[in-house]
Amino acid sequence: MQITIKRCDKLKQRPDASNLGFGTIFTDHMFNMDYNPEEGWHNPRIEPYASFIMDPATMVLHYGQAIFEGLKAFRTESGNIQIFRPRDNFTRLNKSARALCIPEIDEDFIFYAMKQLLNIEKDWVPGTHDASLYIRPAIIATDPFLGVRASHTYRLFIILSPVGAYYKEGFNPIKIWVTKNHVRAVRGGVGNVKTAGNYAASLYAGEEAHRNGYTQVLWLDGVELKYVEEVGSMNIFFVIDDEIITPMLSGSILPGITRDSVISLAKMWNLKITERKISIDELIDTHESGKLHEIFGSGTAAIISPVGEIRYGKKILTIDDGKVGPMANKFYNAITDIQYGIAEDPFGWIEPI
Ligand SMILES: *Cc1c(COP(=O)(O)O)cnc(C)c1O
């Protein structure tokens, strides 16, 4: 399939790399592609970044049949551009597609299309350490129809956004709020899928956390509200004694690629790493006995995010005096060094463009 390319007449002013924030600035061009049952995925095109014109009845607006991915491109010291584990993102996008009855895409083709887009937009990849170009592929249901069924037509698009730190805290400990009243996902649902509705469902508890001075919500399992699941945009790790523990993928936790990277590095370093159920009560007990040394989150946006405080009802757990712990530091440095081409990549995670 041939990708049609239509370039902008006038390019945007590019922002200063030192103060990018996250997710507010978009590049000059985007990738679009459509699906209908007759032609399958067709009309791949790179064109000027532009708004969609939609029928008000467009199904995604009403029934949330939407999936997305998030990955990053980095500029190395020598000026080359490389992407971190992109194939894993497109594999996961197809998993999400199957879960939401969206027709699958050709992973190799989309990968190729994304590289084409990045080639056109390569000047948008920031040159400073800890900034990068965030890549957001998404698929939405486009039938203009009121009634619940899977759409017959879809739009796939990729937009790009130069980003700095995800949290205003930067690489500093965040405070997280454990909600006792809400759940993010249940087993058998779509908690393990990057689909729009999961995030809408998380907002209420998120606002509650913000009102109380906390940055994110730590979700407990949807059945007993007992076992720790994840943070809703990050997976979570605990350093207890000499062991690193992360909740096992239960079906309601998003299988993070950064999570997998942390596990792979820990295994390479012969650290004790365990995927298992871990309850909030166990965390409180280990904290009381002085064995809970560190907590950190993992996700593409923030890479590694140290957690300095957890609040569960009236209990406040201060972790490691609210400092950045050595493990969080070690994983953050190892992953970002691979991403920026400073360290060798023993896993084959890096794809040059
Ligand atoms: C994207 C996401 C993560 C992190 O996944 P990465 O592949 O590491 O970016 C964790 N939890 C949820 C709910 C997510 O949407």
Side-chain angles (χ1 to χ4, degrees), residues 22-23 64 66-74 83-97 99-100 107 114 132-139 161 163 165-167 174 176-177 179 182-187 189-206 209 215-222 227-238 246-266 275 295-307 328 331-332 334-336 338-339 347 349-351:
F22 201 99
I67 56 176
F68 66 93
E69 272 302 325
L71 62 161
K72 281 175 170 173
F74 302 86
I83 326 167
F84 187 68
R85 307 192 65 172
R87 291 180 184 278
D88 296 288
N89 290 92
F90 291 119
T91 302
R92 191 170 65 189
L93 185 65
N94 261 343
K95 257 168 88 182
S96 302
L100 276 267
E107 290 172 29
M114 179 191 67
S132 57
L133 189 67
Y134 187 76
I135 305 166
R136 167 55 57 88
I139 304 179
S161 174
V163 297
Y166 184 67
Y167 297 117
I174 60 166
I176 56 178
W177 172 264
T179 174
H182 303 94
V183 296
R184 191 191 83 96
V186 291
R187 236 184 355 266
V190 289
N192 57 347
V193 177
K194 261 183 136 64
T195 182
N198 285 342
Y199 306 86
S202 75
L203 297 178
Y204 194 93
T215 305
Q216 286 266 324
V217 174
L218 178 64
W219 299 97
L220 301 178
D221 76 274
Y227 296 100
V228 174
E229 298 237 301
E230 61 160 307
V231 182
S233 58
M234 298 194 298
N235 297 108
I236 191 100
F237 289 83
F238 306 97
T246 191
M248 60 193 262
L249 298 176
S250 58
S252 47
I253 295 174
L254 200 287
I257 293 163
T258 321
R259 174 186 183 276
D260 183 74
S261 305
V262 169
I263 293 171
S264 303
L265 282 164
E275 297 175 65
I295 304 180
F296 58 89
S298 73
T300 297
I303 320 282
I304 298 292
S305 189
V307 174
F331 284 109
Y332 179 80
I335 295 172
T336 53
I338 293 174
Q339 291 173 330
F347 301 100
W349 286 340
I350 293 299
E351 295 265 3

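Indexing begins at 1, ligand by ligand and atom by atom, following the structure's order. From a predicted model like this one, the values you see are computed outputs, not experimental measurements.
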Practice task
May I ask you to identify the nearest protein heavy atom to atom 5 (O) of ligand 1, giving residue, atom name and distance to one decimal place in Å?
Solution key: Gly256 CA, 3.3 Å
Exercise for the section: Around atom 3 (C) of ligand 1, find the nearest protein heavy atom and jot down its residue, atom name and distance. Expected result: Ser233 O, 3.5 Å
Problem - Exercise: do Glu229 and Ser252 side chains pair donor with acceptor under 3.5 Å - result: yes
Problem - Minimum-distance protein heavy atom relative to atom 2 (C) of ligand 1 - result: Lys194 NZ, 2.5 Å
Practice task
Considering the heavy atoms of Met234, write down every atom of ligand 1 situated less than 4.0 Å from one of them.
Solution key: 10 (C), 11 (N)
Fill in the blank from the handout: re atom 11 (N) of ligand 1, the protein heavy-atom contact at minimum distance is Glu230 OE1, 2.5 Å
Problem - Under 4.0 Å to a heavy atom of Arg184 - the qualifying atoms of ligand 1, by number - result: 13 (C)
Exercise for the section: Quick one: look up the protein heavy atom nearest atom 9 (O) of ligand 1 and list residue, atom name and how far away it is. Expected result: Thr300 OG1, 2.6 Å
Exercise for the section: May I ask you to check whether Ser261 and Arg85 show a side-chain donor-acceptor distance below 3.5 Å? Expected result: yes
Exercise for the section: Tell me which protein heavy atom sits closest to atom 8 (O) of ligand 1, plus the residue, atom name and distance to 0.1 Å. Expected result: Thr258 OG1, 2.6 Å
Handout entry: For Glu69, the option from Lys95, Arg136, Lys194, Arg92 that meets salt bridge (charged side-chain N to carboxylate O under 4.0 Å, His left out)
Key = Arg92
Handout entry: atom 15 (O) of ligand 1: the protein heavy-atom neighbour that sits closest, reported with distance to 0.1 Å
Key = Tyr199 OH, 2.4 Å
Problem - Phe84 and Phe347 aromatic centres sub-6.0 Å - result: no
